[in-house]
Every structure is written in C-alpha cells, then in structure tokens.
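Excluded from the calculations below are hydrogen atoms, water molecules and symmetry mates; all remaining heavy atoms, backbone and side chain alike, are included. The shown structure was predicted, so the numbers you read here are calculated from the model rather than taken from an experiment.
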Amino acid sequence: MSASSVMSATSLSHGIDVATRYLDLAGVFSCALLGGAVARSVGLDLFGFLAVGIISGLGGGVIRDVLLQHGTPVALTDYAYLVTAVAGSVVVFLIKISEESWNRLFTALDAAVIGFWAVAGANKTLAVGLGWLPAVLLGTVTAVGGGALRDVILGRVPAVFGRNGLYATVAIAVAGVMVICSYLGVPQVGIGLGVALALVFRLTAVHYGWNLPNGLDWQPQSKVVSTLRRHRINPASTRNGDEGQSRPPKESS
C-alpha cells in the first residue's frame with residue numbers, strides 16, 4: 001500500500017471521527033432542550049431543569065459507552081458534552097419552550113437527532129471492532145436511551161414504548177443503513193443517508209400517525225386508515241338518509 005493511500009485512509013478515518021463527535025454533540029444539545037421542556041411541563045426548579053436536561057442529553061451516550069467497555073464514557077472525559085447539555089437546559093429555563101411547542105415546532109430537529117445519534121452510536125460501535133448486530137443495537141440505544149431515562153425518573157411510561165411515530169423503528173433503520181454503508185466502504189455516505197432517512201421516515205410516520213401493533217386485536221389508527229373508514233361508513237349513511245328523504249310521509253287517518 002502506498003504512502004498516499006495510507007494518508008488518505010487516515011484522513012478519512014479522522015474525518016469520520018470528527019463528524020461523529022459533532023453529530024453526538026448536536027444530539028446532546030437537542031435532547032437537553034427537550035428534557036428542559038419536559039421539566040417545565042412538570043413544574044421543576046432550576047436544579048430539576050439541569051438534572052433532567054443532562055440525563056436526557058447524555059443518557060443514551062453513557063449507556064452506549066458503558067456497554068462498549070472501551071474506556072471511560074466520553075461524556076466524562078470530553079467536557080464539551082456536559083457543557084452542551086447544561087447549555088440546552090439553561091436555554092429552555094430562560095426561554096419558555098413547552099413540550100407541546102417542541103412537538104409542534106421542532107419535530108424536524110427531533111427527527112434529525114434520531115439520525116445524529118443512531119449514526120454516531122453505530123459508528124462508535126464499529127470503530128471498536130464489534131459486528132453489525134451490536135452496531136445496530138447500540139445505535140438504537142444511543143438514540144432512545146436518554147429520553148427513556150428521562151421519562152423513568154419523572155415517573156412516566158417511556159415514550160419510546162408506544163404511540164410515538166415509530167421512534168425506535170426509525171433509529172433501527174438508520175443504524176442499519178450506517179452499518180451497510182460502512183461495510184461497503186462509504187461511511188461518509190452512510191452519515192448523510194442516515195440523517196436524511198431519519199428525517200423522511202420520522203416526519204412521514206408522525207404526519208400519518210404510524211405506530212407499531214400493540215396486540216393481536218390491533219387495527220391501524222393512521223390518518224389514511226381513518227379516512228378510508230369514514231368513506232366506507234359515509235356512503236351507507238348517505239344512502240339511508242336519501243331513502244328516508246325520498247320516502248313519502250304516511251297520511252294520518
């Protein structure tokens with residue numbers, strides 16, 4: 001292998017590492033914002049804002065790093081992570097952003113965060129020499145872990161467990177795309193494609209109300225299905241109404 005090839009490979013690896021770090025930090029900041037919004041919705045004080053924001057922002061990455069057993073979690077060695085989580089929490093404390101406003105105004109950013117973290121988690125797992133299955137698993141854990149921990153400490157059923165627009169499903173798909181692209185030797189394509197897939201898949205699922213089955217008697221509850229059901233019912237009721245109107249009234253004796 002020539003020296004230029006080695007330098008090119010080294011440069012590419014460094015670039016992927018830098019991109020992964022910034023994707024990780026983007027996810028930390030965004031989830032700290034959401035954690036702060038949830039803290040406001042339940043009436044917590046400043047310490048509560050910081051605690052919930054930090055857990056929401058750093059939880060998924062810490063779980064990933066602990067499971068990888070590849071040194072101290074990066075959130076404890078790279079101070080940018082904690083500072084970023086605190087910054088996100090303080091922003092929401094100073095600027096009123098309710099959880100409802102987050103869901104309404106920042107759905108696209110929330111979708112991008114799934115992409116950021118699923119890609120970062122899969123990349124870090126592959127970088128330590130593990131295979132495709134752990135990479136998909138830890139990519140998903142990185143994306144959903146912080147939010148799940150936040151909900152648990154607040155005594156709520158984690159939103160990732162249902163009726164959330166396929167949150168974890170999107171993370172699994174994104175991590176899978178990242179793994180495939182890495183195996184094909186084009187990880188940089190996987191980063192862009194993963195984030196784009198997260199945006200399209202998540203926004204579509206939220207818009208149409210897609211959710212996974214919750215039992216054997218489950219029936220689709222999406223907007224499309226609801227519209228089709230109304231069209232099936234309305235013609236029958238319309239016909240009955242027309243028959244009632246067209247039938248002449250009985251003469252009273």
Side-chain angles (χ1 to χ4, degrees), residues 24 26-44 47-68 73 75 81 85 88-89 92 97-122 124-125 134-176 198-199 201-215 218 221-222:
D24 226 10
V28 168
F29 183 76
S30 300
C31 276
L33 287 175
L34 181 54
V38 175
R40 182 183 295 281
S41 72
V42 297
L44 301 185
F47 181 79
F49 270 75
L50 293 173
V52 174
I54 290 171
I55 290 172
S56 181
L58 301 180
V62 170
I63 294 173
R64 173 200 65 212
D65 292 344
V66 169
L67 291 174
L68 286 176
Y81 281 77
S89 305
V92 181
I97 304 176
S98 67
E99 192 174 4
E100 292 77 12
S101 298
W102 174 276
N103 290 332
R104 186 169 58 253
L105 301 175
F106 296 97
T107 303
L109 180 57
D110 187 39
V113 167
I114 300 176
F116 296 158
W117 265 350
V119 165
K124 289 198 171 188
T125 305
V136 173
L137 175 62
L138 293 183
T140 304
V141 168
T142 306
V144 306
L149 286 176
R150 176 200 66 221
D151 290 341
V152 168
I153 66 170
L154 292 176
R156 313 193 317 179
V157 175
V160 70
F161 288 154
R163 297 194 175 278
N164 56 10
L166 303 181
Y167 200 94
T169 305
V170 174
I172 292 171
V174 172
L199 285 167
F201 195 179
R202 170 70 171 164
L203 292 178
T204 303
V206 170
H207 179 75
Y208 290 106
W210 294 347
N211 290 291
L212 294 178
N214 57 5
W218 173 82
Q221 301 295 325
S222 69

[atom1]-[atom2] distance between [X] and [Y], expressed to the nearest 0.5 angstrom:
X	Y	atom1	atom2	answer
F201	I114	CZ	CD1	10.0 Å
I54	L149	CD1	CG	13.5 Å
T204	L199	OG1	CG	10.0 Å
L68	L138	CG	CG	5.0 Å
F116	F29	CZ	CZ	12.0 Å
L137	L67	CG	CG	7.5 Å

Exercise. Is the backbone N or O of V52 less than 3.5 Å from a side-chain atom of S56, with the two atoms forming a donor-acceptor pair by type?
Worked result: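 No; zero donor-acceptor contacts below 3.5 Å.
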Exercise. Got a donor-acceptor contact below 3.5 angstrom from the W117 side chain to the G139 backbone?
Worked result: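 A pair under 3.5 Å: no.
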If you compare all heavy atoms of [X] against all heavy atoms of [Y], which two are closest, and at what distance to 0.1 Å?
X	Y	answer
G57	C31	CA-CB, 4.1 Å
V92	A37	CG1-N, 3.4 Å
D24	R64	OD2-NH2, 3.3 Å
A32	A85	CB-O, 3.3 Å
A118	V174	CB-CG1, 3.7 Å
A135	A175	O-CB, 4.3 Å

Problem set entry | Set of residues satisfying side-chain hydrogen bond (donor to acceptor under 3.5 Å, both in side chains) with respect to D151, sequence neighbours excluded |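 Residues passing side-chain hydrogen bond (donor to acceptor under 3.5 Å, both in side chains) with D151: R156.
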